[in-house]
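The structure appears below as structure tokens.
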Number of protein chains: 2
Amino acid sequence: MIEKTLHALTEPRRRDILSLVHDGELTSSAIASHFEITAPAISQHLKVLEESGLVVVRRDGTKRYYRMRKEGFADLRAYIDRFWDDSLLRLKEAAEAEERRKK
Amino acid sequence: MIEKTLHALTEPRRRDILSLVHDGELTSSAIASHFEITAPAISQHLKVLEESGLVVVRRDGTKRYYRMRKEGFADLRAYIDRFWDDSLLRLKEAAEAEERRKK
DNA sequence: CACTTAATTTAGTGTCAACTTAATTAATGA
DNA sequence: TCATTAATTAAGTTGACACTAAATTAAGTG
């Protein structure tokens, strides 16, 4: 899952798309109107984003509304925290050691 | 920077390398011994990791010791948190995306 | 049933990234 | 200085992927 999340996020336009659908849902063509590339290219990006779980789609007639799916970031966030958190822990420990040294 | 971080992390072997050098430093060849691919391939991965800021290297004679650099995750973590937490900083993202689209 | 709108899928192209082997750099020791 | 060890850089191959234009699906509407 983290594999797909990272792959989806690495492409800059997909990150831009995510910013666009963060606040609310937008149709495929509404999203495409913000870019210079063609609608099929956007559609392909949306597919990658959807398969990664970073966006969800709602169908209404011929239109498809995309919006961000926050929980899609959970796994990647947890992965990073495995590296990040104990560095914070060590900073905390160092600070505490420093405190003790001062006294 | 987040660009380079994501690119570095997306390749599975580079994530494996990061796990290896998480706890302490290892030489290039010690790292390579954990994989089936050749030493030059590992060297190339290490270069990408170093340029992304996710590892640092210490030279001693002909050997080069690599270790993880936790601060390298900071930007990516902040990026994810902008989506994860509802924050006004998200507006900054949108503005930056708009700038990129204009170019 | 055509016709239109919205979007996707298909097929093909150019670029880039992850390998390989071979050559090269760099430090050290006989 | 020559040889050895550690690692990287160089050159070339292959496969993946972000595009494009064209064809296709799907859901209304006259």
Side-chain angles (χ1 to χ4, degrees), chain A residues 1-21 24-69, chain B residues 1-21 24-69 76 97 100-103:
Chain A
M1 204 65 191
I2 184 191
E3 183 74 46
K4 286 197 170 180
T5 309
L6 282 165
H7 174 241
L9 284 176
T10 297
E11 159 60 41
R13 279 173 199 80
R14 285 197 285 264
R15 294 201 300 278
D16 292 345
I17 290 172
L18 272 180
S19 296
L20 281 174
V21 298
E25 52 185 24
L26 287 175
T27 63
S28 189
S29 52
I31 293 165
S33 70
H34 287 81
F35 299 90
E36 307 239 310
I37 60 177
T38 61
I42 295 298
S43 183
Q44 286 155 20
H45 282 314
L46 287 169
K47 189 180 183 183
V48 172
L49 285 168
E50 197 191 349
E51 286 173 349
S52 76
L54 289 170
V55 306
V56 284
V57 60
R58 176 178 69 85
R59 300 168 80 134
D60 179 24
T62 63
K63 293 180 180 174
R64 302 194 190 184
Y65 291 89
Y66 289 87
R67 68 174 171 80
M68 202 186 80
R69 183 173 166 274
Chain B
M1 204 64 191
I2 184 191
E3 184 75 45
K4 286 197 169 180
T5 309
L6 282 166
H7 174 240
L9 284 176
T10 297
E11 159 61 40
R13 279 173 202 79
R14 285 198 286 264
R15 292 201 301 279
D16 292 344
I17 291 173
L18 272 180
S19 296
L20 281 173
V21 298
E25 54 185 21
L26 288 176
T27 62
S28 190
S29 51
I31 293 165
S33 70
H34 286 82
F35 299 90
E36 308 240 309
I37 59 177
T38 60
I42 294 297
S43 183
Q44 285 155 21
H45 282 312
L46 287 169
K47 189 179 184 183
V48 172
L49 284 168
E50 197 191 349
E51 286 173 349
S52 76
L54 289 170
V55 305
V56 284
V57 61
R58 176 177 70 85
R59 300 167 79 134
D60 179 23
T62 63
K63 294 179 180 175
R64 300 194 191 185
Y65 291 90
Y66 288 89
R67 68 173 171 81
M68 204 185 77
R69 182 173 167 274
L76 177 57
R100 283 195 293 279
R101 283 194 293 278
K102 279 179 184 170
K103 288 169 190 170

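Chain A is the first sequence line, chain B the second, and so forth, proteins listed ahead of strands; every chain is numbered from 1.
Scanning all heavy atoms of the two residues, the minimum distance from Val21(B) to Tyr66(B) falls at CG1-O, 3.7 Å.
Computed from coordinates, the Leu49(B) CG to dA17(C) P distance equals 15 Å when rounded to whole Å. One atom, NZ of Lys4(A), and another, C1' of dC17(D), lie 15 Å apart when rounded to the nearest Å. The separation between Ile31(B) atom CD1 and dT8(D) atom C1' is 14 Å, rounded to whole Å. Between Glu36(A) atom CD and dT20(D) atom P there is a gap of 10 Å when expressed in whole angstrom units. One can place CG of Leu6(B) at 16 Å from C1' of dA17(C), the figure rounded to the nearest angstrom. Here dA16(D) presents its P atom at 16 Å from NZ of Lys47(A), a figure rounded to the nearest Å. We find that NZ of Lys63(A) is positioned 13 Å from C1' of dT4(C), with the value rounded to whole Å. Taking atom CD1 of residue Ile17(A) and atom P of nucleotide dA18(D), one finds them 11 Å apart after rounding to whole Å.
Although no hydrogens or angles enter the test, the distance criterion places no donor-acceptor pair under 3.5 Å between the side chain of Ser43(A) and the main chain of Ala39(A). In this structure, Arg64(A) contributes its side chain and Arg59(A) its backbone to no donor-acceptor pair below 3.5 Å. Using modelled atom types, one side-chain atom of Thr5(B) and one backbone atom of Met1(B) make a donor-acceptor pair closer than 3.5 Å. Side-chain atoms of Arg15(B) come within 3.5 Å of backbone N or O of Leu9(B) as a donor-acceptor pair. With hydrogens and angles disregarded, a donor-acceptor distance shorter than 3.5 Å links the side chain of Arg14(B) to the backbone of Ala8(B).
Between Thr27(B) and the phosphate of dA7(D), there is a side-chain N or O to OP1/OP2 separation shorter than 4.0 Å. Between Arg59(A) and dA7(C) there is no side-chain N or O to OP1 or OP2 distance below 4.0 Å. Put simply, Ser43(B) has no side-chain N or O that comes within less than 4.0 Å of OP1 or OP2 on dA7(D). One finds a side-chain N or O of Arg13(B) lying less than 4.0 angstrom from the OP1 or OP2 phosphate oxygen of dC19(C). Residue Ser28(A) places at least one side-chain N or O closer than 4.0 Å to OP1 or OP2 of dT8(C). Side-chain N/O atoms of Ser29(B) include one lying less than 4.0 angstrom from OP1 or OP2 on dA7(D). Taking only side-chain nitrogens and oxygens, Thr38(B) comes nearer than 4.0 Å to OP1 or OP2 of dT20(C).
By the 4.5 Å heavy-atom criterion applied to side chains, Arg67(A) and Val56(A) are counted as neighbours.
Each end of the helix from dC1(C)-dG30(D) to dA30(C)-dT1(D) gets its own axis, taken as the rotation carrying the C1' atoms of four end pairs onto the next four within a five-pair window, and the two axes meet at 0° to the nearest 10 degrees.
Along DNA chain D, the nucleotide nearest His45(A) and the nucleotide nearest Ile42(B) are compared for position; the residue whose nucleotide lies closer to the 5' end is Ile42(B). Closest-nucleotide positions on DNA chain D for Gly61(A) and Ala41(A) were compared, and the one nearer the 5' end corresponds to Ala41(A).
Between Glu51(A) and Lys4(A) there is no salt bridge, since none of the side-chain N atoms of the basic residue sits less than 4.0 Å from a carboxylate O of the acidic one.
Among dC17(D), dA27(C), dA10(D), the nucleotide with an atom closest to any side-chain atom of Thr62(B) is dA27(C). With dA10(D), dA26(C), dT8(C) as the candidates, the nucleotide lying closest to the side chain of Ala39(A) is dT8(C). When distances run from any side-chain atom of Tyr66(B) to the nucleotides dA18(D), dT8(D), dA6(D), the shortest one goes to dT8(D).
When heavy atoms are screened at a 4.0 angstrom cut-off, Glu11(B) is found touching the sugar-phosphate backbone but no base atom. Among the atoms of the strands shown, none is found under 4.0 Å from any heavy atom of Tyr65(B).
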